[in-house]
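We name chains A, B, ... by the order of the sequence lines, and we start the count at 1 in each one.
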Amino acid sequence: MPELPEVEIVSRQLRENIPRGTRITEIEFLTPALRTVVDKATIQRLVGEPLEAISRRAKYILFHTRRGILLSHLGMTGTWRFDDGPLIKHDHLRIYFAAGPSCVGGKGAKGAKAATCTLIYNDPRRFGQVALLDLDHQRFADLGPEPLGPDFSGASFYEDCRRSKATIKAVLMNPTVVVGVGNIYASEVLFRSHVRPGRRANRVSKKESALIVDSVRKVLSEAIAAGGSSIRNFRGLDSAQGHFQKRHRVYGREGEPCPTCAEPIRRTVLAGRGSFWCGHCQK
DNA sequence: CAGGGCGCCTGCTCGC
DNA sequence: TGCGAGCAGGCGCCCT
Ligand SMILES: [Zn+2]
């Protein structure tokens, strides 16, 4: 479900609702089918540990403890929710946190008391992932810079484009170039940059690549500010939907008039993924 | 070895 | 109302 803005929102909500120092009291695997890299017994070493931090890198959510890092990737359809009620279909993992005045998870869910500290991972398609990382892990060694951080620069992006034989859309979605740009935001970024998704990256000018970098920052920041894009099943932990999908200019709008020139938006398939663009506004 | 194709899963929508 | 086809926010593997 998520590209970077949606993962960032979930990560922030987890951070806001589970204070630093809250203890993990139980980790319960509910189905055998969840794709998990370490065996379930190993993950149990986190039980009893206080959470030191919750962070995000690329599209991974990281729960830090002294004895390791619980990694969560949401795949296409993963969601976390606070819920101490009965399980529903496709719940795969349940984490109990120590109850107490410090853990306010679930607050605002529906007012009332109901402060629960039970966190449930649900994922119908099971493309998501849960794993345990050692403190000195090198899991992210090959990943490119964060798109909203200082290392994602016009100069380095232009170099990556120049060296590539792939399309600009593929380069933009290549996590060794920059992380977090998925299929929705790639189309949105390229529309704002006036560059067709199928253009060879090595035919993108320095000026255009600078505009693309700028558009990545703008589109992702705007999406985060809008609570993400809720298409299909994305929900925040408070069940609130994002509303950035209303501001998608081309994604999912095949045949609709281009917001700039009114020409019908086109859809083509690149690397197996739907790509939306305007033949008049993008060259 | 970079890059494209495909499989992994379930669920939803659309056309007949 | 039922049914099959096509589609879906990611990513890793395999082939060229
Ligand atoms: Zn246009």
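Note on A:E208 versus A:K283: no salt bridge recorded, every NZ/NE/NH1/NH2 to OD/OE distance being 4.0 Å or above. A salt bridge links A:E49 with A:R66: at least one charged nitrogen is closer than 4.0 Å to a carboxylate oxygen. Here A:E146 pairs with A:R56 in a salt bridge; the nearest charged N to carboxylate O distance falls below 4.0 Å.
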For nucleotides 1-3 of chain B, give me every protein contact, N/O to N/O, under 3.5 Å, one pair per line with atom names.
| residue | atom | partner | partner atom | Å |
| --- | --- | --- | --- | --- |
| B:dG3 | OP1 | A:S164 | OG | 3.3 |
| B:dG3 | OP1 | A:K165 | N | 2.8 |

Polar atom pairs (N or O), protein with nucleotides 6-9 of chain B, under 3.5 Å:
| residue | atom | partner | partner atom | Å |
| --- | --- | --- | --- | --- |
| B:dC9 | O3' | A:R126 | NH2 | 2.8 |
| B:dC9 | O2 | A:R125 | NE | 2.7 |
| B:dC9 | N3 | A:R125 | NH2 | 3.3 |

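Take A:R253 and apply the side chain to side chain donor-acceptor pair (under 3.5 Å) test, not counting sequence neighbours, and it matches A:E256. By the ring pair (Phe, Tyr, Trp, His ring centres under 6.0 Å) test, A:F140 is found to be paired with A:Y60, A:H137, residues two or more places apart in sequence or in another chain being considered. Considering only residues two or more places apart in sequence or on other chains, A:F191 meets the ring pair (Phe, Tyr, Trp, His ring centres under 6.0 Å) condition with none of them. Among residues two or more places apart in sequence or in another chain, the side chain to side chain donor-acceptor pair (under 3.5 Å) test is passed with A:T31 by A:H92. A:R162 is linked by a salt bridge (charged side-chain N to carboxylate O under 4.0 Å, His left out) to A:E159, counting only residues two or more places apart in sequence or in another chain. Residues meeting the ring pair (Phe, Tyr, Trp, His ring centres under 6.0 Å) test with A:F127, sequence neighbours left out: none. The side chain to side chain donor-acceptor pair (under 3.5 Å) test applied to A:D214 returns A:K218, not counting sequence neighbours.
In this structure, CE of A:M173 is placed 13 Å from C1' of C:dA8, rounded to the nearest angstrom. Distance A:I184 CD1 to C:dG10 C1': 12 Å, rounded to the nearest Å. Rounded to whole Å, atom C1' of C:dG10 lies 10 Å from atom CG of A:L74. Separating the CG atom of A:N183 from the P atom of C:dA8 is a distance of 7 Å, rounded to the nearest angstrom. One can place CD of A:E254 at 18 Å from P of B:dT13, the figure rounded to the nearest angstrom.
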Report task. Using a 4.0 Å heavy-atom cut-off, write out nucleotides 11-16 of chain C from 5' to 3' as B (base contacted by protein), S (sugar-phosphate only) or - (no contact). Result -> SS----
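Comparing B:dG7 with C:dA5, their P atoms are spaced 16 Å from each other, to the whole Å. B:dC9 and C:dC14: their P atoms are spaced 15 Å apart (whole Å). Between B:dG5 and C:dC7, the two P atoms lie 15 Å apart (nearest whole Å).
In summary, of the residues considered (A:I43, A:V130, A:L119), a side chain to side chain contact (heavy atoms under 4.5 Å, CB included) with A:I27 occurs for A:I43 alone.
In the set B:dT10, C:dA8, C:dG10, the nucleotide with an atom closest to the side chain of A:H90 is B:dT10.
Pairs of residues two or more places apart, or lying in two chains, that qualify as ring-ring contact (aromatic ring centres under 6.0 Å, His included) and include a residue from residues 262-283 of chain A are A:Y251-A:F276.
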Query - Which nucleotides of DNA chain C pair, in dot-bracket form (Watson-Crick or G-U under 3.5 Å, | meaning another strand) - result: .|||||||.|||||||
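Ring geometry, A:F157 versus A:F152: the interplanar angle exceeds 60°, so the pair is classed perpendicular (tilted spans 30 to 60°).
If you take CG on A:L4 and CD1 on A:I9, they are separated by 9.5 Å, rounding to the nearest 0.5 Å.
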